[in-house]
Amino acid sequence: MRIATWNVNSVRARLPRVLDWLAQAQPDVLCMQELKCQAHQFPLEAFEDLGYNVAVHGQKSWNGVAIASRTPLSGVVSGIPDDEDEQARGIAAIAGGVLVVNLYVPNGQEVGSDKYAYKLQWLDKLREWLGGETTPDDDVVVCGDFNICPDDRDVYDPEAWHEKILCSTPERERFEGLKGWGLTDAHRHFDQSAGVYTWWNYRAAMFRRGLGLRIDHHLVSDSVLSRAVGVEVDQEARKGEKPSDHAPVTLVLGDAA
DNA sequence: ATGGCCATCATGGATGGA
């Protein structure tokens with residue numbers, strides 16, 4: 001089973017790239033973030049034509065998340081972590097027996113800003129929501145665009161980013177808190193090395209120069225980790241015409257025991 | 001060379017992204 005996450009930066013602007021990637025990579029599940037459209041604007045038929053069932057949580061202009069799955073989705077929940085949140089940043093569903101939680105964590109803009117406070121509060125609420133929804137004894141994958149570099153190995157220039165947005169200690173503490181609840185950063189489990197990135201700024205030829213950040217993650221429960229074979233970042237998808245600024249990241253699971 | 005982009009809504013330029 002392959003569970004991918006990809007911040008597509010507009011599903012409508014990116015549709016040909018996303019469909020090409022789906023046809024080629026053949027994930028069982030694709031979690032998308034930054035749809036930048038309402039649910040009724042989502043190009044549903046194109047996904048269904050490729051054999052995917054889709055659950056969409058959208059909003060006008062910004063944010064928006066969706067889960068596409070080859071097997072039917074059940075128990076779809078949106079409005080994560082908070083029903084009152086007007087921003088469409090979380091959707092969860094059971095796919096192939098696994099609870100898949102797809103997140104687009106707020107960016108935070110700048111440490112100390114109102115948006116930064118919202119980000120930290122959002123992450124605190126997420127932790128509460130998870131505890132109320134499931135337990136780490138279940139098959140759980142919490143994935144998406146976390147907008148957090150867990151440690152300095154995930155940053156092309158740690159000095160320049162020291163305590164900056166995406167790298168500040170309070171953000172990293174929230175990430176560690178999710179791990180403390182009972183989840184494991186799947187990529188880091190398999191690869192201790194520095195310099196594996198999932199996002200590269202469009203500006204300044206950052207991708208060509210290999211200067212990026214690792215901010216898209218799979219946090220998995222122990223039962224999922226025991227089935228995991230590896231995590232793949234598809235840098236090819238960041239090349240070519242009209243790419244997203246994020247690469248798709250795929251958690252690969254072996255056959256269920 | 002430390003700056004370079006891109007999408008949305010709208011139809012110029014502000015806003016947001018990370």
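Chain naming here is simple, since letters A, B, ... match the order of the sequence lines and numbering starts at 1 in each.
- In this structure B:dA1 sits in no base pair that meets the Watson-Crick or G-U test at under 3.5 Å.
- Using a 4.0 Å heavy-atom criterion, one finds that A:I165 contacts no nucleic acid atom at all.
- Here, B:dA10 and B:dG4 have their C1' atoms 25 Å apart, quoted to the whole Å.
- In this structure, A:L211 atom CG and B:dA18 atom P are separated by 18 Å, rounded to whole Å.
- Side-chain atoms of A:R209 and base atoms of B:dG4 include a donor and an acceptor less than 3.5 Å apart.
- Computed from coordinates, the A:Q59 CD to B:dC9 C1' distance equals 14 Å when rounded to whole Å.
- When the C1' atom is compared between B:dT11 and B:dT15, the two are found 16 Å apart, to the nearest whole Å.
- Remark: the separation of the C1' atoms in B:dG12 and B:dT8 is 13 Å, to the nearest Å.
- In this structure, A:R14 reaches the B:dA7 phosphate: one of its side-chain N or O atoms is under 4.0 Å from OP1 or OP2.
- Taking atom CD of A:Q109 as the reference point, atom P of B:dT15 lies 11 Å away to the nearest angstrom.
- Of the two residues near DNA chain B, A:W199 and A:A204, the one whose nearest nucleotide lies more 5' is A:A204.
- Considering A:W122, A:W199, A:F175 in turn, A:F175 is the only one that fulfils the ring pair (Phe, Tyr, Trp, His ring centres under 6.0 Å) rule with A:F146.
- Contact check, A:K115 against B:dG16: a side-chain N or O comes under 4.0 Å of OP1 or OP2.
- Under the 4.5 Å side-chain heavy-atom criterion for Ile, Leu, Val, Met, Phe, Trp and Tyr, A:V56 and A:L103 are members of distinct hydrophobic clusters.
- Going from atom CD of A:Q87 over to atom C1' of B:dT15 covers 13 Å, rounded to whole Å.
- Across all strands shown, A:D145 has heavy atoms under 4.0 Å from sugar-phosphate atoms exclusively, and none from any base.
- Summarising the geometry, the separation between OH on A:Y202 and C1' on B:dC6 is reported as 6 Å, rounded to the nearest angstrom.
- The nearest whole Å value for the distance from the CG atom in A:N147 to the C1' atom in B:dA18 is 6 Å.
- What separates CG of A:N63 from C1' of B:dA18 is a distance of 14 Å, to the nearest Å.
- Among the atoms of the strands shown, only primed sugar atoms or phosphate atoms (P, OP1, OP2) are found under 4.0 Å from some heavy atom of A:Y104.
- For the C1' atoms, the distance linking B:dA18 with B:dC6 amounts to 13 Å, nearest Å.
- A salt bridge does not link A:D245 with A:R203: none of the charged nitrogens is closer than 4.0 Å to a carboxylate oxygen.
- Both distances falling under 3.5 Å, in either a Watson-Crick or a G-U wobble arrangement, place B:dT15 opposite B:dA7.
- Salt-bridge annotation for A:D82 and A:K125: present, with a side-chain N of the basic residue lying under 4.0 Å from a carboxylate O of the acidic one.
- In this model, the phosphate group of B:dT8 is approached by a side-chain N or O of A:S10 to a distance below 4.0 Å at OP1 or OP2.
- Residue-level contact check: A:K242 touches the backbone only, with heavy atoms under 4.0 Å from sugar-phosphate atoms and none from bases.
- Between A:E110 and A:K164, no side-chain nitrogen of the basic residue sits less than 4.0 Å from a carboxylate oxygen of the acidic one, so the salt-bridge criterion is not met.
- Proximity of A:N9 to the phosphate of B:dA7: no side-chain N or O atom is located under 4.0 Å from OP1 or OP2.
- Here B:dC9 is the nucleotide among B:dA18, B:dC9, B:dT8 with the atom lying nearest to any side-chain atom of A:K60.
- If you check every strand for non-hydrogen atoms under 4.0 Å, A:D216 touches nothing.
- Comparing A:Q38 and A:N107 by the nucleotide of DNA chain B that holds the closest heavy atom to each, the one mapping nearer the 5' end is A:Q38.
- Nearest to the side-chain atoms of A:S61 among the listed nucleotides B:dA18, B:dG16, B:dC9 stands B:dC9.
- For A:H246, a side-chain nitrogen or oxygen approaches OP1 or OP2 of B:dA18 to under 4.0 Å.
- Out of B:dT15, B:dC6, B:dA18, the shortest distance to the side chain of A:W62 is found at B:dT15.
- Rounded to whole Å, atom P of B:dA18 lies 10 Å from atom CH2 of A:W161.
- Remark: A:E236 engages A:K239 in a salt bridge, criterion side-chain N to carboxylate O under 4.0 Å.
- Residue contacts shown for A:N201 are absent, as no nucleic acid heavy atom lies under 4.0 Å away.
- Classified by interplanar angle (parallel below 30°, tilted 30° to 60°, perpendicular above 60°), the ring pair A:F47/A:F42 is tilted.
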